[in-house]
**Student:** 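What follows is a single structure, and I will ask about it in a moment.
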There are 2 protein chains.
Amino acid sequence: MASSKKRSECPISTSLEIWGDKWSLLIIRDLMFKKQCTYGDFLKSQEKIATNILASRLLVLEENNIIVKLEHPESKAKVLYQLTEKGIELFPVLVEISLWAEKYYDIPKERESLIAKAKNNKAEFIAKGIKKMKEGL
Amino acid sequence: MASSKKRSECPISTSLEIWGDKWSLLIIRDLMFKKQCTYGDFLKSQEKIATNILASRLLVLEENNIIVKLEHPESKAKVLYQLTEKGIELFPVLVEISLWAEKYYDIPKERESLIAKAKNNKAEFIAKGIKKMKEGL
DNA sequence: TAAATTTGCTTGCATTTTGCAAGTGCAAAG
DNA sequence: CTTTGCACTTGCAAAATGCAAGCAAATTTA
(Lines give C-alpha, C1' and ligand atoms only; values in the text may rest on other atoms or scores of the structure.)
Protein backbone atom coordinates (compact mmCIF):
# COMPACT_ATOMS: atom_id res chain seq x y z
CA MET A 1 0.00 0.00 0.00
CA ALA A 2 2.89 2.34 0.76
CA SER A 3 4.86 3.74 -2.16
CA SER A 4 8.00 1.79 -3.01
CA LYS A 5 11.35 3.32 -3.89
CA LYS A 6 11.50 5.74 -6.78
CA ARG A 7 12.44 4.53 -10.21
CA SER A 8 14.50 7.65 -10.79
CA GLU A 9 14.86 11.29 -9.82
CA CYS A 10 13.32 12.49 -13.06
CA PRO A 11 10.49 14.90 -12.24
CA ILE A 12 8.28 13.33 -14.88
CA SER A 13 8.86 9.87 -13.52
CA THR A 14 8.25 11.07 -9.97
CA SER A 15 4.96 12.63 -11.03
CA LEU A 16 3.82 9.60 -12.95
CA GLU A 17 4.45 7.37 -9.97
CA ILE A 18 1.82 9.34 -8.08
CA TRP A 19 -0.88 10.10 -10.59
CA GLY A 20 0.30 8.39 -13.78
CA ASP A 21 -2.60 6.04 -14.37
CA LYS A 22 -5.86 6.12 -16.23
CA TRP A 23 -7.95 7.44 -13.33
CA SER A 24 -6.18 9.85 -11.00
CA LEU A 25 -6.26 12.88 -13.28
CA LEU A 26 -9.97 12.33 -13.85
CA ILE A 27 -10.55 12.57 -10.12
CA ILE A 28 -8.52 15.76 -10.10
CA ARG A 29 -10.44 17.02 -13.13
CA ASP A 30 -13.73 16.48 -11.30
CA LEU A 31 -12.43 18.43 -8.33
CA MET A 32 -11.35 21.30 -10.56
CA PHE A 33 -14.73 21.52 -12.22
CA LYS A 34 -16.79 20.97 -9.10
CA LYS A 35 -14.50 22.30 -6.35
CA GLN A 36 -15.77 19.75 -3.86
CA CYS A 37 -16.97 16.23 -4.39
CA THR A 38 -18.36 13.43 -2.30
CA TYR A 39 -17.37 9.84 -2.90
CA GLY A 40 -20.64 9.31 -4.67
CA ASP A 41 -20.04 12.29 -6.96
CA PHE A 42 -16.90 10.67 -8.32
CA LEU A 43 -18.77 7.44 -8.94
CA LYS A 44 -21.33 9.36 -10.99
CA SER A 45 -18.77 10.59 -13.50
CA GLN A 46 -19.16 9.43 -17.07
CA GLU A 47 -16.11 7.20 -17.05
CA LYS A 48 -17.57 4.89 -14.41
CA ILE A 49 -14.63 4.21 -12.15
CA ALA A 50 -14.94 1.06 -10.05
CA THR A 51 -15.57 1.80 -6.39
CA ASN A 52 -12.55 -0.08 -5.09
CA ILE A 53 -10.26 1.67 -7.57
CA LEU A 54 -11.74 5.00 -6.58
CA ALA A 55 -11.04 4.30 -2.94
CA SER A 56 -7.45 3.31 -3.65
CA ARG A 57 -6.78 6.35 -5.84
CA LEU A 58 -8.30 8.75 -3.32
CA LEU A 59 -6.03 7.27 -0.69
CA VAL A 60 -2.91 7.70 -2.80
CA LEU A 61 -3.86 11.27 -3.69
CA GLU A 62 -4.50 12.03 -0.05
CA GLU A 63 -1.22 10.43 1.06
CA ASN A 64 0.56 12.62 -1.45
CA ASN A 65 -1.20 15.77 -0.27
CA ILE A 66 -2.97 16.38 -3.53
CA ILE A 67 -6.42 16.16 -2.00
CA VAL A 68 -7.87 16.41 1.51
CA LYS A 69 -10.94 14.98 3.16
CA LEU A 70 -13.21 17.45 4.90
CA GLU A 71 -16.32 16.86 6.90
CA HIS A 72 -19.53 17.65 5.14
CA PRO A 73 -21.33 20.61 6.75
CA GLU A 74 -24.73 18.97 6.47
CA SER A 75 -24.07 15.37 7.32
CA LYS A 76 -21.61 13.14 9.09
CA ALA A 77 -22.42 10.37 6.67
CA LYS A 78 -20.95 12.36 3.82
CA VAL A 79 -17.34 13.26 3.13
CA LEU A 80 -16.06 16.14 1.05
CA TYR A 81 -12.93 15.80 -1.02
CA GLN A 82 -11.09 18.95 -2.02
CA LEU A 83 -7.88 19.81 -3.83
CA THR A 84 -4.96 21.13 -1.85
CA GLU A 85 -2.73 23.85 -3.26
CA LYS A 86 -0.50 21.10 -4.58
CA GLY A 87 -3.49 19.60 -6.35
CA ILE A 88 -4.63 22.96 -7.69
CA GLU A 89 -1.19 23.49 -9.17
CA LEU A 90 -1.87 20.55 -11.48
CA PHE A 91 -4.28 22.78 -13.36
CA PRO A 92 -1.70 23.78 -16.01
CA VAL A 93 -1.06 20.11 -16.72
CA LEU A 94 -4.75 19.45 -17.28
CA VAL A 95 -5.06 22.52 -19.46
CA GLU A 96 -2.19 21.42 -21.68
CA ILE A 97 -3.60 17.93 -21.95
CA SER A 98 -6.94 19.39 -23.00
CA LEU A 99 -5.32 21.65 -25.57
CA TRP A 100 -3.36 18.75 -26.99
CA ALA A 101 -6.44 16.59 -27.24
CA GLU A 102 -8.35 19.41 -28.87
CA LYS A 103 -5.82 19.49 -31.71
CA TYR A 104 -6.21 15.83 -32.58
CA TYR A 105 -9.61 14.67 -31.37
CA ASP A 106 -13.19 15.80 -31.28
CA ILE A 107 -14.15 17.73 -28.22
CA PRO A 108 -17.64 17.78 -26.72
CA LYS A 109 -19.46 20.96 -27.64
CA GLU A 110 -20.01 21.93 -24.01
CA ARG A 111 -16.25 21.96 -23.51
CA GLU A 112 -15.39 23.97 -26.63
CA SER A 113 -15.87 27.45 -25.24
CA LEU A 114 -13.66 26.72 -22.29
CA ILE A 115 -10.94 25.34 -24.52
CA ALA A 116 -11.26 28.37 -26.77
CA LYS A 117 -10.68 30.63 -23.80
CA ALA A 118 -7.64 28.63 -22.77
CA LYS A 119 -6.23 28.84 -26.28
CA ASN A 120 -6.90 32.50 -26.62
CA ASN A 121 -4.83 33.56 -23.65
CA LYS A 122 -3.36 30.54 -22.02
CA ALA A 123 -1.30 32.24 -19.33
CA GLU A 124 -4.17 34.38 -18.15
CA PHE A 125 -6.62 31.50 -18.29
CA ILE A 126 -4.36 29.41 -16.10
CA ALA A 127 -3.56 32.19 -13.66
CA LYS A 128 -7.21 33.09 -13.19
CA GLY A 129 -8.24 29.49 -12.81
CA ILE A 130 -5.66 28.82 -10.15
CA LYS A 131 -6.50 32.02 -8.33
CA LYS A 132 -10.16 31.20 -8.22
CA MET A 133 -9.55 27.70 -6.96
CA LYS A 134 -7.21 28.92 -4.27
CA GLU A 135 -9.89 31.24 -2.96
CA GLY A 136 -11.77 28.16 -1.88
CA LEU A 137 -8.98 26.94 0.37
CA MET B 1 -4.65 -5.53 -28.57
CA ALA B 2 -6.86 -2.98 -30.31
CA SER B 3 -8.25 -0.14 -28.24
CA SER B 4 -11.76 -0.68 -26.92
CA LYS B 5 -14.51 1.93 -26.96
CA LYS B 6 -13.92 5.26 -25.30
CA ARG B 7 -14.95 5.78 -21.69
CA SER B 8 -16.13 9.29 -22.51
CA GLU B 9 -15.62 12.21 -24.85
CA CYS B 10 -13.65 14.16 -22.28
CA PRO B 11 -10.35 15.26 -23.83
CA ILE B 12 -8.47 14.36 -20.67
CA SER B 13 -9.97 10.90 -20.59
CA THR B 14 -9.26 10.42 -24.29
CA SER B 15 -5.64 11.39 -23.76
CA LEU B 16 -5.20 9.17 -20.75
CA GLU B 17 -6.53 6.19 -22.62
CA ILE B 18 -3.59 6.51 -25.01
CA TRP B 19 -0.65 7.51 -22.86
CA GLY B 20 -2.05 7.53 -19.32
CA ASP B 21 0.18 4.99 -17.69
CA LYS B 22 3.47 4.96 -15.86
CA TRP B 23 5.67 4.46 -18.93
CA SER B 24 4.41 6.12 -22.11
CA LEU B 25 5.38 9.66 -21.21
CA LEU B 26 8.86 8.48 -20.27
CA ILE B 27 9.29 7.08 -23.76
CA ILE B 28 8.13 10.41 -25.14
CA ARG B 29 10.46 12.23 -22.77
CA ASP B 30 13.40 10.21 -24.05
CA LEU B 31 12.49 11.09 -27.62
CA MET B 32 12.28 14.76 -26.76
CA PHE B 33 15.69 14.76 -25.14
CA LYS B 34 17.37 12.54 -27.68
CA LYS B 35 15.35 13.21 -30.86
CA GLN B 36 15.80 9.64 -32.05
CA CYS B 37 16.12 6.44 -30.10
CA THR B 38 16.65 2.80 -30.85
CA TYR B 39 14.82 0.12 -28.94
CA GLY B 40 17.94 -0.47 -26.92
CA ASP B 41 18.23 3.21 -26.05
CA PHE B 42 14.86 3.10 -24.32
CA LEU B 43 15.89 0.04 -22.37
CA LYS B 44 18.97 1.90 -21.12
CA SER B 45 16.90 4.61 -19.43
CA GLN B 46 17.19 4.90 -15.68
CA GLU B 47 13.70 3.68 -14.98
CA LYS B 48 14.38 0.24 -16.41
CA ILE B 49 11.26 -0.51 -18.37
CA ALA B 50 10.66 -4.20 -19.04
CA THR B 51 11.26 -5.14 -22.64
CA ASN B 52 7.80 -6.57 -23.26
CA ILE B 53 6.15 -3.46 -21.81
CA LEU B 54 8.36 -1.28 -23.96
CA ALA B 55 7.30 -3.18 -27.06
CA SER B 56 3.62 -2.87 -26.19
CA ARG B 57 3.86 0.86 -25.43
CA LEU B 58 5.79 1.59 -28.61
CA LEU B 59 3.09 -0.19 -30.55
CA VAL B 60 0.28 1.81 -28.95
CA LEU B 61 2.14 5.07 -29.50
CA GLU B 62 2.75 4.15 -33.10
CA GLU B 63 -0.86 3.12 -33.67
CA ASN B 64 -1.90 6.49 -32.32
CA ASN B 65 0.54 8.37 -34.55
CA ILE B 66 2.57 9.76 -31.71
CA ILE B 67 5.77 8.09 -32.85
CA VAL B 68 7.04 6.57 -36.10
CA LYS B 69 9.56 3.88 -36.87
CA LEU B 70 12.29 4.80 -39.32
CA GLU B 71 15.04 2.69 -40.73
CA HIS B 72 18.45 3.26 -39.30
CA PRO B 73 20.82 4.76 -41.87
CA GLU B 74 23.69 2.55 -40.80
CA SER B 75 22.08 -0.79 -40.23
CA LYS B 76 19.00 -2.79 -41.02
CA ALA B 77 19.28 -4.49 -37.68
CA LYS B 78 18.50 -1.22 -35.91
CA VAL B 79 15.30 0.74 -35.82
CA LEU B 80 14.91 4.42 -35.11
CA TYR B 81 11.91 5.75 -33.26
CA GLN B 82 10.98 9.38 -33.66
CA LEU B 83 8.19 11.67 -32.52
CA THR B 84 5.59 12.80 -35.01
CA GLU B 85 4.21 16.32 -34.90
CA LYS B 86 1.44 14.97 -32.72
CA GLY B 87 4.03 13.59 -30.35
CA ILE B 88 6.06 16.79 -30.37
CA GLU B 89 2.94 18.70 -29.42
CA LEU B 90 2.98 16.86 -26.12
CA PHE B 91 5.96 18.95 -25.13
CA PRO B 92 3.87 21.53 -23.22
CA VAL B 93 2.36 18.73 -21.17
CA LEU B 94 5.78 17.43 -20.18
CA VAL B 95 6.98 20.93 -19.39
CA GLU B 96 4.04 21.55 -17.07
CA ILE B 97 4.55 18.20 -15.37
CA SER B 98 8.19 19.06 -14.81
CA LEU B 99 7.33 22.48 -13.43
CA TRP B 100 4.78 20.97 -11.09
CA ALA B 101 7.23 18.39 -9.84
CA GLU B 102 9.87 21.05 -9.36
CA LYS B 103 7.60 22.86 -6.92
CA TYR B 104 7.09 19.88 -4.67
CA TYR B 105 10.01 17.52 -5.14
CA ASP B 106 13.76 17.57 -5.46
CA ILE B 107 15.02 17.83 -8.98
CA PRO B 108 18.32 16.40 -10.18
CA LYS B 109 20.94 19.12 -10.49
CA GLU B 110 21.52 18.43 -14.17
CA ARG B 111 17.88 19.20 -14.86
CA GLU B 112 17.72 22.40 -12.83
CA SER B 113 18.99 24.83 -15.45
CA LEU B 114 16.50 23.58 -18.00
CA ILE B 115 13.64 23.93 -15.54
CA ALA B 116 14.85 27.39 -14.65
CA LYS B 117 14.70 28.37 -18.31
CA ALA B 118 11.21 26.97 -18.61
CA LYS B 119 10.07 28.89 -15.55
CA ASN B 120 11.67 32.10 -16.64
CA ASN B 121 9.79 32.39 -19.89
CA LYS B 122 7.51 29.46 -20.28
CA ALA B 123 5.81 30.43 -23.53
CA GLU B 124 9.07 31.11 -25.30
CA PHE B 125 10.71 27.99 -23.92
CA ILE B 126 7.87 25.87 -25.23
CA ALA B 127 7.69 27.58 -28.60
CA LYS B 128 11.41 27.26 -29.20
CA GLY B 129 11.47 23.66 -28.06
CA ILE B 130 8.68 22.69 -30.39
CA LYS B 131 10.19 24.58 -33.27
CA LYS B 132 13.52 22.89 -32.86
CA MET B 133 11.97 19.45 -32.66
CA LYS B 134 9.87 20.07 -35.75
CA GLU B 135 12.99 20.93 -37.71
CA GLY B 136 13.96 17.30 -37.39
CA LEU B 137 10.84 16.03 -39.16
C1' DT C 1 -38.48 4.47 17.64
C1' DA C 2 -38.00 0.81 14.49
C1' DA C 3 -37.33 -0.09 9.74
C1' DA C 4 -35.63 1.32 5.35
C1' DT C 5 -32.33 3.99 2.80
C1' DT C 6 -28.14 6.51 1.88
C1' DT C 7 -23.21 6.98 2.11
C1' DG C 8 -18.54 5.61 2.03
C1' DC C 9 -16.21 2.34 1.71
C1' DT C 10 -14.38 -3.15 1.90
C1' DT C 11 -14.21 -7.91 0.30
C1' DG C 12 -14.01 -11.81 -2.91
C1' DC C 13 -12.99 -13.34 -7.09
C1' DA C 14 -12.21 -13.53 -12.21
C1' DT C 15 -9.68 -11.07 -15.74
C1' DT C 16 -6.04 -8.20 -17.33
C1' DT C 17 -1.69 -6.03 -17.03
C1' DT C 18 2.93 -5.98 -15.30
C1' DG C 19 7.48 -7.53 -14.40
C1' DC C 20 11.23 -10.65 -14.82
C1' DA C 21 13.98 -14.04 -17.29
C1' DA C 22 14.86 -16.56 -21.02
C1' DG C 23 14.47 -17.38 -25.87
C1' DT C 24 14.21 -16.38 -31.06
C1' DG C 25 15.28 -14.63 -35.62
C1' DC C 26 17.67 -11.59 -38.56
C1' DA C 27 21.75 -8.59 -39.54
C1' DA C 28 26.35 -7.56 -39.33
C1' DA C 29 31.05 -8.28 -37.69
C1' DG C 30 35.07 -11.23 -37.04
C1' DC D 1 30.53 -19.47 -41.06
C1' DT D 2 30.43 -18.65 -36.46
C1' DT D 3 29.74 -15.33 -32.93
C1' DT D 4 27.75 -11.05 -31.40
C1' DG D 5 24.28 -7.35 -31.38
C1' DC D 6 19.74 -5.79 -31.88
C1' DA D 7 14.73 -5.92 -31.79
C1' DC D 8 11.64 -8.03 -30.23
C1' DT D 9 8.55 -12.53 -28.34
C1' DT D 10 7.26 -15.98 -25.02
C1' DG D 11 6.19 -18.09 -20.53
C1' DC D 12 4.98 -17.55 -16.16
C1' DA D 13 4.39 -15.51 -11.46
C1' DA D 14 2.82 -11.39 -9.19
C1' DA D 15 0.23 -7.32 -9.00
C1' DA D 16 -3.45 -4.30 -10.51
C1' DT D 17 -8.08 -3.87 -12.37
C1' DG D 18 -12.97 -4.54 -12.84
C1' DC D 19 -17.27 -6.27 -11.31
C1' DA D 20 -20.67 -7.55 -7.94
C1' DA D 21 -21.92 -8.08 -3.46
C1' DG D 22 -21.55 -6.90 1.37
C1' DC D 23 -21.30 -3.87 5.46
C1' DA D 24 -21.28 -0.41 9.24
C1' DA D 25 -22.54 4.12 10.51
C1' DA D 26 -25.54 8.02 9.68
C1' DT D 27 -29.84 9.70 8.17
C1' DT D 28 -34.52 9.54 6.58
C1' DT D 29 -39.07 7.52 6.68
C1' DA D 30 -42.97 5.44 8.64
**Student:** Using a heavy-atom distance cut-off of less than 4.0 Å, which residues of residues 67-75 of chain A contact DNA chain D?
**Tutor:** A/S75
**Student:** Of all nucleotides in DNA chain C that come within under 4.0 Å of a heavy atom of chain B, which is furthest toward the 5' end and which toward the 3' end?
**Tutor:** C/dT18 to C/dA28
**Student:** Sequence neighbours left out, what passes ring pair (Phe, Tyr, Trp, His ring centres under 6.0 Å) with A/F42? Give chain and number order.
**Tutor:** A/Y81
**Student:** Output all residues satisfying salt bridge (Lys or Arg N to Asp or Glu O under 4.0 Å) with A/K44, sequence neighbours left out; order by chain, then residue number.
**Tutor:** A/D41
**Student:** Applying side chain to side chain donor-acceptor pair (under 3.5 Å), which residue pairs with at least one partner in residues 125-137 of chain A are found, sequence neighbours left out?
**Tutor:** A/E89-A/K134
**Student:** For A/K69, give me all partners under salt bridge (Lys or Arg N to Asp or Glu O under 4.0 Å), at least two apart in sequence or on another chain.
**Tutor:** none
**Student:** Does the A/W19 side chain pair with the main chain of A/I28, one donor and one acceptor, at a distance under 3.5 Å?
**Tutor:** no
**Student:** For residues 18-38 of chain A, which residues have at least one heavy atom under 4.0 Å from DNA chain C?
**Tutor:** A/T38
**Student:** Which comes earlier along DNA chain D counting from the 5' end, the contact point of A/R57 or that of B/L58, where each point is its nearest nucleotide?
**Tutor:** B/L58
**Student:** Do A/V68 and A/E62 pass the side chain to side chain contact (heavy atoms under 4.5 Å, CB included) test, and can you show the C-alpha distance, the side-chain angles, and the key distance before you say yes or no?
**Tutor:** CA-CA 6 Å; A/V68 272; A/E62 198 191 352; 5.7 Å; no
**Student:** So does B/N121 have more than 12 non-hydrogen atoms from other groups sitting under 6.0 Å from CG?
**Tutor:** yes
**Student:** Let me know the distance between NZ of A/K48 and P of D/dA20, rounded to the nearest Å.
**Tutor:** 13 Å
**Student:** Should we say atom NZ of B/K117 is surrounded by more than 12 heavy atoms from elsewhere, each under 6.0 Å from it?
**Tutor:** no
**Student:** Taking only the side-chain heavy atoms of B/T51 (C-beta and beyond), determine which of D/dC8, D/dG11, D/dG18 contains the nearest atom.
**Tutor:** D/dC8
**Student:** Under the 3.5 angstrom rule, does the side chain of B/D21 hit a backbone N or O of B/W23 as a donor-acceptor pair?
**Tutor:** yes
**Student:** In whole angstrom, what separates A/L54's CG from D/dT17's C1'?
**Tutor:** 14 Å
**Student:** Name all residues meeting the salt bridge (Lys or Arg N to Asp or Glu O under 4.0 Å) criterion together with A/K122; count only those two or more places apart in sequence or in a different chain, and write none if there are none.
**Tutor:** A/E96
**Student:** Tell me, please, which residues at least two apart from B/E112 pass salt bridge (Lys or Arg N to Asp or Glu O under 4.0 Å).
**Tutor:** none
**Student:** Sequence neighbours left out, what passes side chain to side chain donor-acceptor pair (under 3.5 Å) with A/K119? Give chain and number order.
**Tutor:** A/E102
**Student:** For residues 76-83 of chain B, which residues have at least one heavy atom under 4.0 Å from DNA chain D?
**Tutor:** B/A77, B/K78, B/V79, B/Y81
**Student:** Could you work out, with side chain to side chain donor-acceptor pair (under 3.5 Å) as the rule, every residue matching B/E124, not counting sequence neighbours?
**Tutor:** none
**Student:** Within this structure, what is the CG-to-C1' distance between B/L43 and D/dG5, rounded to whole angstrom?
**Tutor:** 13 Å
